[in-house]
Chemist: 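Shown below is the structure under consideration.
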Amino acid sequence: MNNQYNTSSFLQMKGFNLSSESVFPAFLFATLSYMIILFCNLTLILTIVLNKSLHQPMYLILLNLPMYDLIGSSALFPQLIKEILRNSGIMQYSACVAQAFFIHIYAAGTVFNLSAMAYDRYIAICYPLQYSTVMTNAHIMRIITIVWMSCLVLIAVLFFLLLRLPRCRSEMTHIYCDNPSLLTLVCADTTINNIYGLLIVALSQLVANGIVLYTYLRILIACFRSKRSDTKAKALQTCATHLIVFLLLECLGLFTIISYRLSNVSPHFRRFMGLSTLIFPPTLNPIIYGLKTKEIREKCSLIFLKSNNF
């Protein structure tokens, strides 16, 4: 290299090695996946927003989950579809950084929001008489604001530390951009970045898993102590729905993080796990909540029935 640093505004995405025969199937899969995610998440958002009976603490916190899903999927799919059609393997560095930033907002926001939902269920089931006085509108807004601000601050610092470093490479082996893949382009010491990255992962996992583990253990104890079978069944169903979503995201996210730390992991496996984290949770979250939550399922049905009548 003639120059010490590579200041090119374009990156070579080595993950895009599609043959002419595989372009159309890849385009079809990516487009259909994005359309399903948009439809399911927008349906969930509109159902909660348009029905005043759903303007309750649990659903107001839940409302943020499809928002994070839309942020993550919209960061990935439009750029992915464009690259599939062009099949050039070229991406602007600024677009790559923006994509990575919003993907990390999606990941952190989803984990924190699921923790907030676990806290809400804990108060509702373990302290039902105090629920209305504790989970006031002001308290709900504080929780939602803390979740959003925590994500924005943590991820903004992460990318500030990244962008201060010079680049000397322009080839990426990943199919989309995130902080670990962008760090491979850096030609300076990344110790601070690695420590901070591991710190926020450890902190978010400790806080999220700690809240979920504590709240659901208390909920299970309260359910088994309850003498009302209908109350017990409804509480367990609600908690099971939350746990499915949380465990799905945690397992996929954990495998993705570990794959970056192990050098002998196949790049194809790493790409698959990374894409799975951005495809399956945003697709399944609104479907799971729509099918498993009776109130949302009924309101969705009413919306579709009304639309069919016109």
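All heavy atoms count here, side chains included; hydrogens, waters and symmetry mates do not. Predicted, not measured: the structure shown is a model, and the values here were computed from it.
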Chemist: If a pair satisfies disulfide bond (SG atoms under 2.5 Å apart) and one of its residues is in residues 37-69, list it, with sequence neighbours excluded.
Modeler: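 Qualifying pairs, neighbours excluded: none.
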
Chemist: Can you check whether Tyr59 reaches Met117 side chain to side chain, under 4.5 Å on heavy atoms?
Modeler: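 Side chain of Tyr59 against side chain of Met117, heavy atoms only: no contact under 4.5 Å found.
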
Chemist: Only pairs at least two apart or in different chains count here, so list each disulfide bond (SG atoms under 2.5 Å apart) that has a residue in residues 42-103.
Modeler: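 Qualifying pairs: Cys96-Cys177.
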
Chemist: Just say parallel, tilted or perpendicular for the rings of Tyr68 and Trp148, cut-offs at 30° and 60°.
Modeler: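 Rings of Tyr68 and Trp148: parallel, as their planes differ by under 30°.
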
Chemist: From Leu249 CG over to Thr110 OG1, what is the distance, rounded to the nearest 0.5 angstrom?
Modeler: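 Spacing of CG (Leu249) from OG1 (Thr110) equals 6.0 Å.
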
Chemist: Can you confirm whether the side chains of Asp178 and Ser181 place a donor and an acceptor under 3.5 Å from each other?
Modeler: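 A pair is found: one side chain offers a donor N or O, the other an acceptor, under 3.5 Å apart.
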
Chemist: State whether the side chain of Thr31 and the backbone N or O of Leu28 hold a donor-acceptor pair below 3.5 Å, judged by distance alone.
Modeler: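 Side chain of Thr31 to backbone of Leu28: no pair is present.
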
Chemist: With no hydrogens and no angle check, is any side-chain donor or acceptor of Ser115 less than 3.5 Å from a backbone partner on Val111?
Modeler: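 Such a contact is found between Ser115 side chain and Val111 backbone.
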
Chemist: Would you say the side chains of Asn51 and Ser53 form a donor-acceptor pair under 3.5 Å?
Modeler: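 Short answer, no.
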
Chemist: Mind listing the closest non-hydrogen atom pair of Phe102 and Ile71 along with its distance?
Modeler: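 Answer, listing the atom of Phe102 first, then Ile71: O-CG2, 3.5 Å.
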
Chemist: Using the ring-ring contact (aromatic ring centres under 6.0 Å, His included) rule, pick out the option among Phe27, Phe29, Phe77, Phe39 that qualifies with Tyr34.
Modeler: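 Single pass found, and it is Phe77.
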
Chemist: Counting distance only, does the side-chain N/O of Thr190 pair as donor-acceptor with the main-chain N or O of Val186 below 3.5 Å?
Modeler: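 Checked: no pair found.
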
Chemist: Can you tell me if His104 uses its side chain to pair, donor with acceptor, with the backbone of Gln99 under 3.5 Å?
Modeler: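 Not at all, since once roles are kept as given, no pair shorter than 3.5 Å links the two residues.
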
Chemist: Are Arg164 and Asn193 linked by a side-chain donor-acceptor pair shorter than 3.5 Å?
Modeler: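 Asn193 and Arg164 do have a side-chain donor-acceptor pair below 3.5 Å.
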
Chemist: Mind checking whether Ile36 and Leu70 sit in one hydrophobic cluster, side chains of I, L, V, M, F, W, Y counted as touching below 4.5 Å?
Modeler: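 No.
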
Chemist: If the condition is ring-ring contact (aromatic ring centres under 6.0 Å, His included), which residues does Tyr127 pass it with, not counting sequence neighbours?
Modeler: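 Testing Tyr127 for ring-ring contact (aromatic ring centres under 6.0 Å, His included), a comparison that skips the adjacent residues, returns Tyr122.
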
